[in-house]
Amino acid sequence: MSYDFKKIETKWQNFWKVDQTFKTRSNIKFPKYYVLDMFPYPSGAGLHVGHPLGYIATDILARYKRHKNYNVLHPQGYDSFGLPAEQYAIQTGQHPQKTTEVNIKRYREQLDKMGFSFDWSREIRTSKSNYYKWTQWIFLNLFESYYDIKKDKALPISNLIDCFKKNGTRDLSASSNSKTLEFSGVEWNSFTEVKKEKILLDYRLAYLSETQVNWCAKLGTVLANEEIINGVSERGGYSVEKKKMKQWSMRIGAYSERLINDLDKVDWPDSLKEMQKNWIGKSKGASINFKIKMSSYQIEVFTTRPDTLFGVTFMVLAPENEIVHKITSKSQLEVVKAYIKSSSKRSEKDRLSETKKISGVFTGAYAIHPINGDEIPVWIGDYVLAGYGTGAVMAVPCGDQRDHDFAKHFSIPIKNIFLNIDISSKAYSEKSNFKLKNSEFLNGLDYKKSFEKIISHIEKKGFGNEKINYRMRDAVFSRQRYWGEPIPIYYKNGIPTSIGKKNLPLKLPQVENYLPTSDGSPPLGNAKKWAWSVIDKKVVSNELIDNESVFPLELNTMPGWAGSSWYFYRYMDPHNNEFFVGNEAVNYWREVDLYVGGSEHATGHLLYSRFWQKFLFDLDLLPVDEFAKKLINQGMILGSSAFIFRKSGTNNFYSKNLINNFKTDAIRIDVSILNSYDEVNIDALKKWQPQFNEANFILEEDKFYASREVEKMSKSKYNVINPDEICERYGADTLRMYEMFLGPLEQAKPWSMSGISGVHSFLNKLWRLYHPNNIFSVKEDDPQNESFKTLHKTIKKITEDINNYSFNTCVSAFMICVNELSLQKCNHRIILEPLTILLSPFAPHISEELWSLLGKKSSLVYEKYPTFDSSFLMESIKNYPISFNGKMRFRLDIDLDLTSKEIKNIVLNDSRTSKYIGGKTIKKIIVVPEKIINIVF
RNA sequence: GCUCGAGUGGUGGAAUUGGUAGACACGUUGGACUUAAAAUCCAAUGACCAUUGCGGUCGUGCGGGUUCAAGUCCCGCCUCGAGUACCA
């Protein structure tokens with residue numbers, strides 16, 4: 001009887017299923033532990049070995065905490081709405097509903113094989129109507145709320161209406177997209193309903209507005225900023241252009257400050273916090289108004305350098321800025337129009353790649369310097385972005401490199417305001433080591449002093465004020481796509497109106513043609529029988545009602561991140577039909593204790609989730625305002641792609657080391673064709689792709705080698721390693737331990753097969769230790785102290801490492817432990833029992849099997865087994881010094897002036913040290929100050 | 001450009017957070033068991049010098065510094081990775 005992992009793993013996986021071992025208890029008298037993975041998109045490719053990395057880590061924690069008598073919530077589900085699922089469906093020409101189901105089934109099979117302890121009774125799918133009902137419900141809450149700046153929280157829109165009724169916009173402190181509006185309470189009451197609604201729309205947290213959006217024609221939809229990487233779409237890499245469209249947006253900007261500040265409350269990686277801070281992009285400066293000469297218009301600019309106000313020699317507006325049309329002089333009208341037209345045609349990608357190109361035109365208008373009254377020419381140029389600040393800058397060529405370049409290019413004067421600093425070749429943009437000149441009352445001051453003085457001056461004179469600006473834009477929330485949550489809004493006289501929370505869910509209709517359209521009209525428009533009747537207040541999806549009583553529904557759907565922004569709360573109470581999460585459940589579970597997932601979600605999912613969390617907290621729907629206490633970014637497991645080389649223009653392939661002297665083409669081949677020495681199996685290669693049948697292979701020493709390159713793991717790169725294959729060959733326990741052993745969880749690391757045999761042979765060794773002569777046997781008597789020491793040492797190490805999420809060192813500790821026990825020939829029951837428990841989070845199947853061989857029922861269910869707690873073992877270990885490899889460390893009172901002989905005597909006679917030195921010969925005693933000595937045996 | 005992170009044997013990576021650098025594993029070499037192979041076990045394995053026994057010198061990207069003691073702390077560079085990018 002050898003270690004038959006297949007038999008063992010099937011046996012226990014079936015047992016866990018039948019036993020419902022991992023179902024979360026409802027008993028709430030135990031402390032809770034909520035450990036969560038970022039739920040996957042069920043894409044068509046299935047899981048590769050990179051996906052389970054984080055799941056293994058959380059599974060270890062979940063199983064470990066169960067042993068520690070925690071009530072553990074460890075759920076899993078699928079983020080099944082959104083672009084990835086839909087793109088896959090389109091590529092394979094199937095309905096997304098169908099592909100999603102097929103993909104989920106495949107994912108589940110793969111996950112089950114790895115022995116995860118998920119509570120599947122709580123599975124959720126964002127595309128199921130009993131889930132997205134609540135996504136829509138949260139949307140309606142956002143729609144029915146506004147942000148009160150003074151109280152610094154979201155409030156029901158009815159509060160705002162009351163405020164308008166009483167005082168109009170006087171004393172108003174609410175976030176909105178139009179700040180110029182002013183009216184009295186009397187005026188408000190006289191407005192028509194339609195006008196009132198239009199005004200309110202500008203204050204809602206989910207609002208509809210005409211905005212500049214990123215339009216991706218190839219995907220047929222708009223994209224949020226974080227869905228664009230380097231000017232092209234994250235999905236598919238298609239080009240993106242700016243376009244004005246009427247879109248739903250989320251007022252995340254209102255939460256900017258809280259999203260930054262509350263990062264201090266959570267234990268998340270610093271790098272991730274930094275990313276979020278950069279993304280929100282807070283900057284402190286001033287808002288300054290410049291009047292336009294001979295006109296009533298004025299230009300508001302934001303600047304972080306109001307101290308350089310006297311260095312302004314021109315102004316630049318973004319081409320999209322609406323004021324351009326109002327101030328452009330007649331003589332410049334044609335060139336300005338032409339410029340605006342040409343810059344709007346450029347895609348985001350072009351704009352990025354042409355950043356060095358300086359372009360712009362003069363508008364013919366002049367602004368008046370608010371202090372010295374100078375006339376300042378107003379230009380437009382596309383280095384000024386419409387989306388940031390006010391879409392206008394005061395250009396200070398001596399203090400900003402871009403302004404400097406622009407001024408040089410168009411021969412605009414450059415005024416130097418920095419004392420003894422040469423700005424003839426480039427701008428001086430440092431905020432330190434300068435004194436101002438040519439700046440009237442700011443002369444001689446440094447940055448800090450002049451900043452304060454100018455702010456107080458402009459505030460006193462009333463042409464500006466101190467201002468904090470954020471880079472983050474409100475998030476565009478509409479997608480012109482089929483596979484997403486329908487937005488539960490209908491249009492009454494053109495005014496977006498809630499369909500009513502009690503009418504949810506608004507189900508996604510079946511349509512014949514779900515493909516996106518290039519003109520941006522949503523596919524939901526293809527639903528022939530999808531309308532909403534105001535008569536019975538019900539969604540009628542089966543028949544069309546006559547025109548009078550039917551209002552058009554919103555046809556856009558929600559973006560992929562909608563459903564994923566709150567799913568962690570649904571797991572707490574997944575079957576609740578009355579509420580998105582029940583009170584009792586949410587007050588018990590509160591928040592996620594440990595969240596594990598990739599850092600690629602830093603500025604998307606994780607930021608939006610924090611936003612929704614704070615919103616729901618403001619409405620008293622949740623007890624905490626951060627959803628995850630601790631977060632770990634697991635590093636990606638990279639693939640190691642294989643290439644072979646063909647001499648250019650021939651059909652001759654050369655082994656890796658023979659290609660020095662001629663030009664070659666590198667051809668990607670499937671990694672399964674190589675062995676672990678990068679040797680290519682040519683027969684397999686020919687079988688894989690028949691094109692190689694005709695090729696000649698030039699070998700070195702009878703072998704043909706390929707070269708490797710580390711890349712992201714993906715199907716198209718032929719470098720995918722499937723976990724099923726590893727499970728088949730080595731077993732799930734080996735896979736789990738090996739993935740942990742590969743390196744620190746947070747680190748990106750290439751997959752390699754070379755170490756897996758070491759982990760596998762460790763499990764083999766463990767098995768053999770308790771199966772001398774192939775029969776299970778344990779000794780019932782007491783082992784030597786040596787074996788206890790090994791056990792205690794291991795317990796200490798594993799406990800510490802798990803608490804530090806350092807799983808790679810855990811695996812090492814296990815290996816050392818089993819090696820030592822093997823040497824000691826220690827197969828005593830009293831050692832094996834705790835060892836089995838200790839091992840079970842890492843290699844659950846084999847430990848279950850050993851546990852059952854010991855005559856126990858299941859080591860994994862805390863109710864059935866006394867809590868595993870290392871503290872009693874730690875008591876005894878305190879009296880043992882920890883010895884690694886014959887080195888021992890003590891703290892003793894030793895005078896540094898003593899001779900080595902005297903020190904040796906002290907060591908030998910000390911009650912603590914002598915106990916452990918025993919009969920061993922001391923090789924060396926190393927004394928360092930602070931009373932520490934190291935003894936080498 | 002800016003922000004953050006990382007550089008340790010042939011390889012992946014340890015180092016009790018300032019205390020014998022290289023744990024553990026892979027790989028390599030030698031040995032045992034085998035007719036043989038596989039599997040398994042044992043030993044060696046940072047570099048250099050000395051090997052008859054010791055032993056010695058140098059070593060954590062580079063250059064300085066603090067300290068009895070630095071992979072770890074400080075200053076200045078170099079390289080790589082991640083994020084972001086005309087953000088006023």
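Taking only side-chain nitrogens and oxygens, A:Gln401 never comes nearer than 4.0 Å to OP1 or OP2 of B:C86. For A:Asn278 and B:C87, the shortest distance from a side-chain N or O to OP1 or OP2 is not below 4.0 Å. Under 4.0 angstrom from either OP1 or OP2 of B:C24 there lies no side-chain N or O belonging to A:Lys797.
Nearest to the side chain of A:Tyr388, among B:A14, B:A88, B:C24, sits B:A88. The side chain of A:Arg402 approaches B:C87 more closely than any other nucleotide in the set B:C87, B:A23, B:C41. Ranking B:A14, B:C86, B:C24 by closeness to the A:Asp382 side chain, first place goes to B:C86. For A:Arg471, taking side-chain heavy atoms from C-beta onward, the closest of the listed nucleotides B:G12, B:A14, B:U84 is B:U84. Closest to the side chain of A:Arg768, out of B:C24, B:U3, B:U40, is B:U40. Nearest to the side-chain atoms of A:Lys749 among the listed nucleotides B:C4, B:G13, B:C86 stands B:G13. Ranking B:C4, B:A14, B:C26 by closeness to the A:Asn808 side chain, first place goes to B:A14. Considering only side-chain atoms of A:Ser761, the nucleotide from B:U40, B:A88, B:A23 that sits closest is B:U40. Side chain of A:Met275, nearest nucleotide from B:G83, B:A25, B:A88: B:G83.
A donor-acceptor pair under 3.5 Å is absent between the side-chain atoms of A:Glu711 and the main chain of A:Gly639, judged by distance alone.
In this entry B:G55 has B:C49 as its Watson-Crick or G-U wobble partner, both defining distances falling under 3.5 Å. Of the nucleotides present, B:G31 is the one that pairs with B:C41 by Watson-Crick or G-U wobble criteria, both distances under 3.5 Å. Taking a pair to require two hydrogen-bonding distances under 3.5 Å in either a Watson-Crick or a G-U wobble arrangement, B:U84 pairs with B:G1. Base-pair partner of B:U66: not found among the strands shown (Watson-Crick or G-U wobble, both distances under 3.5 Å). Across every strand in view, B:A14 sits unpaired, with no contact that passes the Watson-Crick or G-U test at under 3.5 angstrom. Under the Watson-Crick and G-U wobble criteria, each requiring two contacts below 3.5 Å, nucleotide B:G7 is paired to B:C78. In this structure, B:U20 forms no base pair with any nucleotide, since neither Watson-Crick nor G-U wobble geometry is met with both distances under 3.5 Å.
Spacing of P atoms, B:G76 relative to B:G12, comes out at 30 Å, to the nearest Å. When the P atom is used for both B:G7 and B:C62, the distance is 13 Å, rounded to whole Å. B:A14 sits 24 Å from B:A82 when the C1' atoms are compared, rounded to a whole Å. A gap of 44 Å separates the C1' atoms of B:U29 and B:U66, to the nearest Å. Rounded to the nearest Å, the gap between the C1' atom of B:A21 and that of B:U72 is 11 Å. B:C77 and B:G59: their P atoms are spaced 24 Å apart (whole Å). Taking atom C1' on both B:A15 and B:G22, the two are 8 Å apart, rounded to the nearest angstrom. The separation of B:G65 from B:A50, taken at their C1' atoms, amounts to 35 Å, rounded to a whole angstrom.
For B:U17, the O4'-C1' to base torsion is within 90° of 0; the nucleotide is therefore syn. Applying the 90° cutoff around 0 to the glycosidic angle, B:G30 is assigned anti.
Rounding to whole angstrom units, CG of residue A:Leu745 and C1' of B:G5 are separated by 16 Å. In this entry the distance linking CG of A:Leu766 with P of B:C41 reads 13 Å, nearest Å. For A:Leu385 and B:C86, the CG to P distance is 6 Å, given to the nearest whole Å. The interatomic distance linking A:Lys408 (NZ) with B:C86 (P) rounds to 23 Å, in whole Å. Whole-Å rounding puts the A:Ile798 CD1 to B:U16 P distance at 17 Å. Protein atom CD of A:Glu820 is 12 Å distant from nucleotide atom C1' of B:C24, rounded to whole Å. Here B:C4 presents its C1' atom at 11 Å from NZ of A:Lys277, a figure rounded to the nearest Å. One interatomic measurement links the two molecules: NZ of A:Lys765 to P of B:C41, which rounds to 5 Å at whole-angstrom precision.
Aromatic ring centres of A:Phe807 and A:Phe741: separated by at least 6.0 Å. Checked against the 6.0 Å centroid criterion, the rings of A:Tyr738 and A:His760 do not qualify as a close aromatic pair.
Looking only at atom types and distance, the side chain of A:Glu257 has a donor-acceptor partner in the side chain of A:Tyr470 under 3.5 Å away. Inspection of the A:Ser806 and A:Thr809 side chains reveals an N or O donor paired with an N or O acceptor under 3.5 Å.
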Q) Step by step, would you call A:Asn633 with A:Glu746 a side-chain contact (heavy atoms from CB on, under 4.5 Å)? A) CA-CA 6 Å; A:Asn633 288 133; A:Glu746 297 90 339; 5.7 Å; no
Q: Test side-chain hydrogen bond (donor to acceptor under 3.5 Å, both in side chains) on A:Asp403 and A:Tyr383 and set out the steps.
A: CA-CA 9 Å; A:Asp403 296 346; A:Tyr383 83 93; 2.7 Å; yes
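Comparing A:Val759 and A:Trp279 against RNA chain B, the residue whose closest nucleotide sits nearer the 5' end is A:Val759. Mapped onto RNA chain B by nearest heavy atom, A:Glu274 and A:Leu742 fall at different nucleotides, with A:Glu274 at the one closer to the 5' end.
In this structure, A:Asn819 reaches the sugar-phosphate backbone alone: every heavy-atom distance under 4.0 Å involves primed, P, OP1 or OP2 atoms, never a base. Among the protein residues, A:Phe762 comes within range of no part of the nucleic acid, since none of its heavy atoms lies under 4.0 Å from any strand. Nucleic acid contact for A:Pro750: none, since no nucleic acid atom lies under 4.0 Å from a heavy atom of the residue.
Expressed to the nearest 0.5 Å, how far CG of A:Leu272 lies from CD1 of A:Ile632 amounts to 12.0 Å.
Taking 4.5 Å as the limit, some side-chain heavy atom of A:Lys408 sits within range of a side-chain heavy atom of A:Ile414.
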